[in-house]
Participant: 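Quick one: the structure is below, and I'll ask about it shortly.
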Amino acid sequence: MLLTTTELIPGREYEVLGLVKGSTIQTVNAFRDIGAGLKTLVGGELKKYNEMMDKARDIAMQRMQEEAGALGADAIVGLRFTTSSIMQSAAEIMAYGTAVRFR
């Protein structure tokens, strides 16, 4: 399935099927969270949080594509991500866009 952040796909005509989205809420385990808290004292990259967010984006995109596939979509245009903090050490990632079918 073609995914694009643009609103138009040059040279392609398509019909809009509707909004599709996928989301997940992820957290790291308590021991890693304690380690990340200590890391804030000295600074630097929080690698386990990066890994968590990468995994969450992948899950959200997969769920969005599954929803689009169920509609018979060939592509998703206007793909966007959003994130929000649910509680300490937990974040929601949402992927959303417009499902389209090529003519």
Side-chain angles (χ1 to χ4, degrees):
M1 178 170 302
L2 177 65
L3 304 175
T4 179
T5 59
T6 62
E7 302 299 322
L8 299 172
I9 303 170
R12 298 303 300 251
E13 289 188 29
Y14 51 82
E15 64 177 299
V16 172
L17 301 176
L19 174 70
V20 289
K21 80 256 176 261
S23 68
T24 185
I25 298 171
Q26 296 284 316
T27 187
V28 294
N29 72 41
F31 294 112
R32 289 185 177 154
D33 191 43
I34 291 168
L38 295 174
K39 182 78 167 188
T40 63
L41 297 174
V42 296
E45 183 177 12
L46 300 174
K47 292 181 182 180
K48 292 301 176 187
Y49 279 91
N50 281 343
E51 291 170 11
M52 175 193 75
M53 295 303 283
D54 284 343
K55 179 180 176 183
R57 278 188 293 274
D58 290 344
I59 292 168
M61 281 184 42
Q62 179 183 3
R63 291 176 179 173
M64 177 188 63
Q65 289 179 70
E66 289 170 0
E67 189 173 308
L71 295 175
D74 297 309
I76 299 172
V77 297
L79 171 62
R80 302 288 186 267
F81 289 98
T82 186
T83 183
S84 60
S85 177
I86 301 301
M87 58 183 278
Q88 185 176 349
S89 304
E92 177 188 33
I93 294 285
M94 179 175 284
Y96 62 95
T98 302
V100 300
R101 182 178 357 207
F102 297 137
R103 291 185 186 171

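Sequence positions, counted from 1, serve as the residue numbers for this chain.
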Participant: Identify the heavy atoms of Leu79 and Ala95 that sit nearest to each other, and give their distance.
Facilitator: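 Closest approach of Leu79 to Ala95, heavy atoms only: CD1-CB, 4.4 Å.
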Participant: Would you give the length of the straight line joining atom CG of Leu8 to atom CD of Glu13, rounded to the nearest 0.5 angstrom?
Facilitator: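 Going from the CG atom of Leu8 to the CD atom of Glu13 covers 11.5 Å.
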Participant: Is it the case that more than 12 heavy atoms not belonging to Glu7 sit under 6.0 Å from its CD atom?
Facilitator: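 Yes, CD of Glu7 has more than 12 neighbouring heavy atoms, counting only those of other groups under 6.0 Å.
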Participant: So, Lys21 and Glu67, do they make that salt bridge, N to O below 4.0 Å?
Facilitator: yes
Participant: I need the Thr82 OG1 to Ile93 CD1 distance, nearest 0.5 Å.
Facilitator: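 So the OG1 of Thr82 and the CD1 of Ile93 are separated by 8.0 Å.
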Participant: For the backbone of Glu15 and the side chain of Arg101, can you confirm whether one donor and one acceptor N or O come within less than 3.5 Å of each other?
Facilitator: no
Participant: For Ala68 versus Met1, what's the shortest heavy-atom pair and its separation?
Facilitator: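 So the two residues come closest at CB-SD, 3.8 Å.
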Participant: Can you get from Val20 to Leu17 by hopping between Ile, Leu, Val, Met, Phe, Trp and Tyr side chains that sit under 4.5 Å apart?
Facilitator: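 Linked, Val20 and Leu17 end up in one cluster.
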Participant: Drop me the distance from Ile76's CD1 to Leu2's CG, to the nearest 0.5 angstrom.
Facilitator: 9.0 Å
Participant: Flag the pair Leu3 / Met61 as yes when at least one side-chain heavy-atom distance between them is below 4.5 Å, and no otherwise.
Facilitator: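 Yes. Closest side-chain heavy atoms under 4.5 Å.
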Participant: Quick one: CE on Met64 to CZ on Arg57, what's the gap to the nearest 0.5 Å?
Facilitator: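 Taking CE in Met64 and CZ in Arg57, the distance rounds to 13.0 Å.
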Participant: Could you walk me through whether Tyr14 and Ile9 pass the side-chain contact (heavy atoms from CB on, under 4.5 Å) check?
Facilitator: CA-CA 9 Å; Tyr14 51 82; Ile9 303 170; 4.2 Å; yes
Participant: Looking at every non-hydrogen atom in both residues, tell me the closest pair between Leu71 and Ala99 and how far apart they are.
Facilitator: CD1-CB, 4.2 Å
Participant: Donor-acceptor check, side chain of Thr83 to backbone of Glu92, threshold 3.5 angstrom: yes or no?
Facilitator: yes
Participant: If you look at every heavy atom in Met53 and Ala91, which pair is closest and at what distance?
Facilitator: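 Taking Met53 first and Ala91 second, the nearest heavy atoms are SD-CB, 4.1 Å.
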Participant: Are any of the side-chain nitrogens in Lys55 or Asp58 under 4.0 Å away from the carboxylate oxygens of its partner?
Facilitator: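 So Lys55 does not pair with Asp58 through a salt bridge.
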Participant: Working note: Gln26 + Ile59, criterion side-chain contact (heavy atoms from CB on, under 4.5 Å); need CA distance, chi angles, decisive distance, verdict.
Facilitator: CA-CA 10 Å; Gln26 296 284 316; Ile59 292 168; 3.6 Å; yes
